[in-house]
4 protein chains.
Amino acid sequence: MTIPKQSIRRNELVVAAAKLFKENSFDRTTVRMLAAATGIKSGSLFHHFKGKEEILVAVIEDGLKKSLKAVQTETQSLTDINQTLFALIYGHLKTLHGPERDAHIVSITEWRSLSDESKQHLITLRDEYEQFWQKIIIEAIDNRLLTGEPTLIRLFILGSLNWSIQWFQPSQGKSIKELAQQFYNMVAK
Amino acid sequence: MTIPKQSIRRNELVVAAAKLFKENSFDRTTVRMLAAATGIKSGSLFHHFKGKEEILVAVIEDGLKKSLKAVQTETQSLTDINQTLFALIYGHLKTLHGPERDAHIVSITEWRSLSDESKQHLITLRDEYEQFWQKIIIEAIDNRLLTGEPTLIRLFILGSLNWSIQWFQPSQGKSIKELAQQFYNMVAK
Amino acid sequence: MTIPKQSIRRNELVVAAAKLFKENSFDRTTVRMLAAATGIKSGSLFHHFKGKEEILVAVIEDGLKKSLKAVQTETQSLTDINQTLFALIYGHLKTLHGPERDAHIVSITEWRSLSDESKQHLITLRDEYEQFWQKIIIEAIDNRLLTGEPTLIRLFILGSLNWSIQWFQPSQGKSIKELAQQFYNMVAK
Amino acid sequence: MTIPKQSIRRNELVVAAAKLFKENSFDRTTVRMLAAATGIKSGSLFHHFKGKEEILVAVIEDGLKKSLKAVQTETQSLTDINQTLFALIYGHLKTLHGPERDAHIVSITEWRSLSDESKQHLITLRDEYEQFWQKIIIEAIDNRLLTGEPTLIRLFILGSLNWSIQWFQPSQGKSIKELAQQFYNMVAK
DNA sequence: CATGAATGAGGTTTCATTCAT
DNA sequence: CATGAATGAAACCTCATTCAT
């Protein structure tokens, strides 16, 4: 079973795009920059993607899928809600600042660069991720670990964690685990 | 003592720019769109601002100054730390979703569109605002209302509140006060 | 009463465009060629026209309007149908190969390069011109100068005359008047 | 004696090309469109033709050859000049709007898309066709069926007939025969 | 101050063509 | 023969900015 060559090149492009979009924003990244970063000519990009926006969509899709996988992996086999909530926070931060960092940052910052059609396509994935959080938040509220309305609490927590892309520098200063711990302490009773 | 005519027009432009930058992003707002929104021609803009970026700087400066004024007003004359912390949160949210909403959103979302020089110029204002928070956070920690490292706590809280621009619709559903209350309940012991 | 400067430049562009479109076809004429021919830079074109197609529309509109004016002028004050029919043929050929030649050729050859919307816009003008012919054709048939169905006869005659753009070289060999005379002799009884 | 496989595929391509060139013009038809229409990929086209223009040449060559054959067939075995002239007109119209319609239309409309070299190659064929007409026209003039200079008359007539591609819709309204009859009535004494 | 015209650099995209597999 | 990937040139168009009037 071999991965087709095509998808290898496409994947390279998505990874390079994530990096560039993070560094310069989507609008300020030109297709020529992206081509140069992957060693091809700008026209060749359009064999793999219909247009520039499709590249952004691929990056964000990638980010969203990996977010979900990350928290699923982190929380699975846990039964205690305290542990689960912590694992959820930790898993989110771990992937947010891990190897997929660029894609996640782009997912967060460039959502509004998407056309309405593209949003439509991606919103399902985003909803799925948020539902995963919502269920655990509800359980935490039921167990008096958190108080308030589930949706509001979820928005507060995810916003706070996502905001860390603005200031957190991985591999310098705090570890992700410490970060998660302090955050957990702040919100959980 | 009269306000010079020029500054009236300049102010109109900053307000219109804030709205457009919020709606379409800085990069996707053209100077022609801005000119059209204020009933002038694009060439005339350059009598008021040296370049497009100067307009962004003006918008963000506006937003930051008003943020500071808002929380100062809200917390002044309060002595109880519980009340002060709540007022800080409430004040932040009130101005964030109040009449200056556009400028605040632009301050938050378009920071990275600034050149390094412009960032230099604005960072003083931003620091001032953050220091205002920092002091109160420290007091709250000293009073066991919050726990953790002050800087981290500040970043968590401000991130969470700022994130509300992504989902909160003023004048529909929750009031700002309810929002502040729920948030306060979540983080304060 | 002065003609605004703007329309002078626009008119220059339309004239230059007609020439280029005639020589290289619309598709093979680039906006840079057109800019070079008028001594401006390609971007400047878009102050005068929204897009390349709008230039084509302007050229064709010009051609159609001048066709109508030409045959109106040529036939006015004539009452005899023999003379009128000849004048119609002669007027058509005269403008077709006169100073407006380029625009007429473009009107004829590039009609199908128009978008549907542009066609919609121009078809009124074309209809007007054809109606002018139709009326005279009918009168000629009523006077037994021509025989057959008016619409068919009109299409036959106009097609034949228009086709002359493929082979007739003005100011070399036959005169327009001889051409008209021979054609008149061929179709009129 | 078998027709080589290659030439079958080549012929399919020429037929498909004629249709596409007619519908979208040569310039607006991409090799990818042509490939898609024949169920192959664009790279494969270049095994059958050296370049895009060679396809156009093949289409036009096809059209011209079939025109000649059509009028030869239609007029052969006729001796009466009245009948011959009518047959010439009828034969031209019949093939122009018959099964080879696309190729004929392309021959007429895309002549100017040819490079000078290609024109050189095809002009012999076109001349041959025109000479066939010329001879009959001369005979008709000698018999007072037509009046005027042979070349001019030929250009008038062929132009008129060719123009019918702009307005005639086969299999709706008039028959080809009626068309031919009305045209014959118009020009012949 | 305001404007219309022009600039020039650069943007995304298209497309015929080539070629290794 | 067929293909998918790549090329490279060029296409149309955008836009912040300048400046004479």
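Note on naming: letters A, B, ... go to the chains in the order of the sequence lines (proteins, then strands), and numbering restarts at 1 for each one.
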Rounded distance (Å) that lies between atom C1' of E:dA6 and atom CZ of C:Arg10: 17 Å
In this structure, how many angstroms lie between the P atom of E:dT12 and the CZ atom of A:Phe26, rounded? 8 Å
Pairwise 5' ranking along DNA chain F for C:Asp27 and B:Thr29, keeping only the more 5' one: C:Asp27
Going by heavy atoms in the side chains, are A:Asp27 and B:Phe26 under 4.5 Å from each other? no
Most 5' of C:Leu45 and A:Thr30 on DNA chain E, judged by nearest nucleotide: C:Leu45
Rounded interatomic separation in angstrom, taking CD from D:Glu12 and P from F:dC1: 13 Å
Rounded to the nearest angstrom, tell me the gap between atom CG in D:Leu13 and atom C1' in F:dA2. 13 Å
Charged N to carboxylate O under 4.0 angstrom, C:Lys52 versus C:Glu110? no
Should the heavy atoms of other residues, nucleotides or ligands under 6.0 Å from NZ of B:Lys119 be counted, would the total exceed 12? yes
Between CZ of B:Arg28 and P of F:dT14 the distance, given in whole Å, is 15 Å
Short side-chain N/O contact from D:His47 to OP1 or OP2 of F:dT3, under 4.0 Å: no
Want to settle it: does B:Gly51 or C:Ser42 sit nearer the 5' end of DNA chain F, counting the closest nucleotide to each? C:Ser42
Taking the side chain of D:Lys41 as heavy atoms from C-beta outward, which of F:dC13, E:dT12, F:dT3 is closest to it? F:dT3
Nearest-nucleotide 5' precedence on DNA chain E, B:Gly43 against A:Gly43: B:Gly43
I need the NZ-P distance between D:Lys52 and F:dA9, as an integer number of Å. 19 Å
Just so I know, are the side chains of A:Phe49 and A:Val14 near enough to count as touching, which here means a heavy-atom distance under 4.5 Å? yes
Consider the side chain of B:Ser44, meaning its heavy atoms from C-beta on, and name the nucleotide among E:dG11, F:dC13, E:dT3 that approaches it most closely. E:dT3
Nearest-neighbour nucleotide for the C:Ile40 side chain, E:dT17, F:dC13, E:dT7 considered: E:dT7
B:Asn24 side chain near B:Met33 side chain, heavy-atom distance below 4.5 Å: yes
Once pairs are restricted to Watson-Crick or G-U wobble with both distances under 3.5 Å, how does DNA chain F read as a dot-bracket string, [ ] for crossings and | for other-strand pairs? .||||||||||||||||||||
Is there a side-chain contact between A:Leu13 and A:Leu45, using heavy atoms and a 4.5 Å cut-off? yes
Report yes or no: does B:Thr29 contribute a side-chain atom to a donor-acceptor pair with the main-chain N or O of B:Leu20 at less than 3.5 Å? yes
Expressed as a whole number of angstroms, how long is the span from D:Glu54:CD to E:dT17:P? 10 Å
Starting the side chain at C-beta, find the nucleotide from E:dT17, F:dA16, F:dA5 nearest to A:His48. F:dA5
Within the structure provided, determine whether C:Ser107 and C:Arg126 are in side-chain contact (heavy-atom separation under 4.5 Å). no
Test item: B:Leu96 and B:Ile165 side chains (from C-beta on) under 4.5 Å apart, heavy atoms: yes
Just so I know, are the side chains of B:Glu12 and B:Ile8 near enough to count as touching, which here means a heavy-atom distance under 4.5 Å? yes
E:dT17 P sits how many Å from D:Phe46 CZ, rounded? 4 Å
OP1 or OP2 of F:dG4 under 4.0 Å from side-chain N/O of A:Arg9: no
What are the residues of residues 31-39 of chain B, sorted by number, that bring a heavy atom to within less than 4.0 Å of DNA chain F? B:Val31, B:Arg32
